[in-house]
Undergrad: 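First the structure, then my questions, so here it is.
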Amino acid sequence: MCGIVGFSGTREAAAVLIDGLRRLEYRGYDSAGIAVCDGERINVAKVKGYVKNLAEMTHDGADIRGFVGIGHTRWATHGAPNDVNAHPHLSSDGRFAVVHNGIIENYALLRQELTERGYKFLSDTDTEVVAHLLELYYAGDMKKAIMKTAARLEGSYSLGVVCLDGSGRLFAMREQSPLILGLGVGENYFASDVAALVPHTKNVIYLEDGEFAELTPEGMTVYDVTGHEVKKPVSRVAWDVEAAEKGGYEHFMLKEIMEQPACFKATVEPRIKNDRIVFEDFDLTDGELKSIDKIIITACGSAGYAGQVGRYVIEELCRVPVTVELASELRYRNPIIDEKTLLIVISQSGETADTIAALKECKSRGARVLAIVNVVGSTIAKLADHVIYTWAGPEIAVATTKGYTTQVAVLDMLAIYLADRLGRMDSVTYERLITALHDMPGKMQRAIDLNRNVKKLAKRLSHHNDIYFIGRNMDYAVCMEGALKLKEISYIFAEAYAAGELKHGTIALVEQGSLVVTLACYEPLFDKTMSNIEEVKARGAQVLAVAPEDNKKIVSKADDFLPVPRTEPIFTPLAQIIPLQLFAYYVAKERGCDIDKPKNLAKSVTVE
Ligand code: AGP
């Protein structure tokens with residue numbers, strides 16, 4: 001949930017670290033700090049709030065001198081978000097500074113032990129134990145101190161350590177939390193995400209759990225848990241620095257909404273060869289495919305809602321039973337899973353702790369695991385048997401948009417692919433759907449263009465304090481994502497209900513002036529949804545309908561209308577979510593919310 005960054009070079013480190021933190025800020029923004037070694041001491045600057053506060057406090061780093069350092073942007077787990085709990089944390093002797101992403105689960109016991117040994121704790125964090133352990137175990141050999149410290153830690157961590165030794169030494173360690181090394185020329189780096197590395201280098205090394213590295217300006221050495229050197233492959237990052245910048249948009253979220261047609265294309269087109277869908281990393285034999293008797297989709301948040309869309313499409317086309325399970329629940333259930341189960345794990349970041357745990361649990365019970373992931377080299381991508389990457393590029397806004405639509409795109413393709421391989425789709429339908437896939441970027445762009453005036457509507461409706469989303473079948477699946485978008489960035493209570501369920505309880509809440517967003521794109525149940533509109537209107541509700549652009553019937557009934565272009569029915573969610581994303585964005589803007597950094601949230605939920 002936090003972002004960490006490290007630099008070792010022959011120029012001032014502070015400015016590099018602060019720039020890196022700005023690029024990692026989506027991971028957490030409760031406080032920010034840096035520690036830089038000037039050869040004589042480790043200088044620390046840290047402050048509550050955004051990285052810009054740190055930049056102001058240090059005059060963009062000019063006040064903190066030295067060529068080796070670490071930085072941190074925090075999403076608080078242990079201890080309130082304040083200056084003292086902000087990272088980096090120093091050992092009592094000032095020889096070590098530490099930044100940490102993750103949770104040290106046995107920190108209370110370690111803290112007690114270290115206190116009894118006379119170490120003084122300044123913060124409420126779990127991280128501070130690491131700084132004191134390093135001091136305890138350091139007897140002139142930093143590698144040994146790192147290994148002894150790591151052996152005492154339980155939980156998940158990526159750690160950055162700067163040590164006052166010579167002119168300053170930099171170390172990075174990983175256990176169940178992302179950490180990537182960047183290879184520069186005359187300088188080297190580490191970071192929680194490649195976003196902080198791409199301004200400097202595209203050559204990266206992905207650390208594995210248990211590994212640690214020493215970085216100097218000239219190079220880096222990676223060691224395994226026993227201290228033996230490991231030769232690591234160097235990977236090349238596929239995208240440019242501009243991809244992780246706002247490019248003239250006021251917010252990353254708006255930029256990412258606008259990028260969706262292009263991201264869809266980047267995800268789908270390379271996988272259609274000679275009018276056939278080809279998944280290079282999912283090439284099961286016919287026998288293996290036919291042995292699958294059920295599919296479980298697991299994920300968290302929006303990724304789970306993408307899975308809800310996928311469930312309707314896969315069941316419809318493949319006639320294989322599909323359930324969608326919250327990863328945070330699945331990991332602690334006793335699910336009925338065996339070798340005949342295909343587990344589809346969906347995650348933008350590839351680092352979500354609950355999703356990783358659910359994956360491991362199901363894999364241990366024999367499930368074959370297919371991951372749909374955006375971040376290359378992430379933990380989920382490594383743990384899965386097969387990976388289909390969404391090529392959405394870096395997603396920075398906490399509220400996912402292009403991450404979600406590319407996940408839905410992959411699930412749609414997968415449904416067509418499986419239906420064909422299982423012999424459950426005729427060639428005419430197959431060809432029609434492939435043609436429709438090629439048309440989707442244009443349809444998504446039209447969804448954007450049709451809703452350019454949603455801003456005015458959002459202004460008029462932004463005073464509502466609770467908003468209901470209703471729909472049936474795939475419309476209901478999209479309601480879930482539409483409601484989440486609104487609640488996470490505007491802080492309006494918003495919830496999705498299956499329209500047919502209203503009368504079983506929720507309609508008791510509907511009163512004069514209630515806003516009911518009604519999704520009515522799913523044609524087979526359109527008349528039923530219209531009846532639900534009548535029911536809520538009869539109780540005084542105001543209806544905002546999301547429906548095909550040429551649907552006159554709904555325009556006459558609803559108070560307001562968000563038009564969606566007509567598409568091949570199974571692809572409608574891809575276009576339909578766009579006006580809801582824009583609506584959420586402009587409502588949040590109208591309410592003065594910090595859209596890219598919503599309160600209490602972080603982009604990558606690497607803790608339970
Ligand atoms: C979506 O807008 C969220 N911020 C959140 O629900 C997110 O989708 C969820 O935490 C899963 O993340 P992942 O895709 O990186 O696993």
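Only heavy atoms go into these numbers, but all of them, side chains included; no hydrogens, no water, no symmetry mates.
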Undergrad: Let me see the working for Asn374 and Gln348 under side-chain hydrogen bond (donor to acceptor under 3.5 Å, both in side chains), right down to the final yes or no.
TA: CA-CA 5 Å; Asn374 193 41; Gln348 188 285 129; 3.0 Å; yes
Undergrad: Strictly below 4.0 Å, N to O, side chains only: are Arg174 and Glu211 in salt-bridge contact?
TA: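 No.
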Undergrad: Between Arg368 and His386, do the side chains contain an N or O donor and an N or O acceptor separated by less than 3.5 Å?
TA: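 Their side chains do contain a donor-acceptor pair, which is all the 3.5 Å distance test asks for.
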Undergrad: Answer yes when Glu128 and Lys120 have at least one side-chain N-carboxylate O distance shorter than 4.0 Å, and no when they do not.
TA: no
Undergrad: Less than 3.5 Å apart, any donor N or O on the side chain of Arg111 or Thr125 sitting next to an acceptor on the other?
TA: no
Undergrad: So, Ser302 versus Lys485: side-chain donor-acceptor pair below 3.5 Å or not?
TA: yes
Undergrad: Is the closest basic N to carboxylate O distance between Lys255 and Glu259 below 4.0 Å?
TA: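 Answer for the salt bridge query: yes.
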Undergrad: Could you note down all residue pairs passing salt bridge (charged side-chain N to carboxylate O under 4.0 Å, His left out) where residues 217-227 supplies at least one of them, sequence neighbours left out?
TA: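 Qualifying pairs: none.
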Undergrad: Salt-bridge test for Glu395 and Lys402: reply yes if a basic N is under 4.0 Å from a carboxylate O, no otherwise.
TA: no
Undergrad: With a cut-off of under 6.0 Å to the ring centre and 45° to the axis, is Lys599 in cation-pi contact with Tyr491?
TA: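 Satisfied, under 6.0 Å and within 45°.
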Undergrad: Could you list all the ring-ring contact (aromatic ring centres under 6.0 Å, His included) pairs where at least one residue sits in residues 164-187, not counting sequence neighbours?
TA: none
Undergrad: Between the side chains of Tyr137 and Arg152, does any donor sit under 3.5 Å from an acceptor?
TA: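 The criterion, which ignores hydrogens and geometry beyond distance, is satisfied for Arg152 and Tyr137.
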Undergrad: Answer yes or no: is there a donor N or O on one side and an acceptor on the other, between the side chain of Asp126 and the main chain of Tyr107, under 3.5 Å?
TA: no
Undergrad: Write out all pairs satisfying ring-ring contact (aromatic ring centres under 6.0 Å, His included) with one or both partners inside residues 45-74, taking only residues at least two apart or from two chains.
TA: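 Sorted pair list: His72-His87.
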Undergrad: Any salt bridge between Asp83 and Lys46, counting N to O under 4.0 Å?
TA: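 Result for this pair is no, no salt bridge flagged.
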Undergrad: Is it true that Glu113 and Arg117 have a side-chain N and a carboxylate O under 4.0 angstrom from each other?
TA: yes
Undergrad: Using 4.0 Å as the upper bound for N to carboxylate O, is an ion pair formed by Arg23 and Glu25?
TA: no
Undergrad: Decide, yes or no, whether a salt bridge links Glu214 with Lys143 under the criterion of side-chain N to carboxylate O below 4.0 Å.
TA: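 Salt bridge flag = no for Lys143 with Glu214.
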Undergrad: For the pair Tyr138 and Phe96, name the ring-plane relationship: parallel under 30°, tilted 30 to 60°, perpendicular over 60°.
TA: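 Because their plane-to-plane angle is over 60°, the rings of Tyr138 and Phe96 count as perpendicular.
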Undergrad: Just by distance, do the side chain of Trp239 and the backbone of Ala244 share a donor-acceptor pair under 3.5 Å?
TA: no
Undergrad: Any donor-acceptor pair under 3.5 Å linking the side-chain atoms of Glu351 with those of Ser604?
TA: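 Not at all, the side chains of Ser604 and Glu351 share no donor-acceptor pair under 3.5 Å.
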Undergrad: Just checking, any donor-acceptor pair under 3.5 angstrom between side chains of Thr58 and Asp63?
TA: no
Undergrad: Regarding Glu361 and Arg333, does a basic nitrogen lie under 4.0 Å from an acidic carboxylate oxygen?
TA: no
Undergrad: Please check if any side-chain donor atom of Asn43 sits under 3.5 Å from a side-chain acceptor atom of Arg65, or the reverse.
TA: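 Absent: no donor and acceptor within the cut-off.
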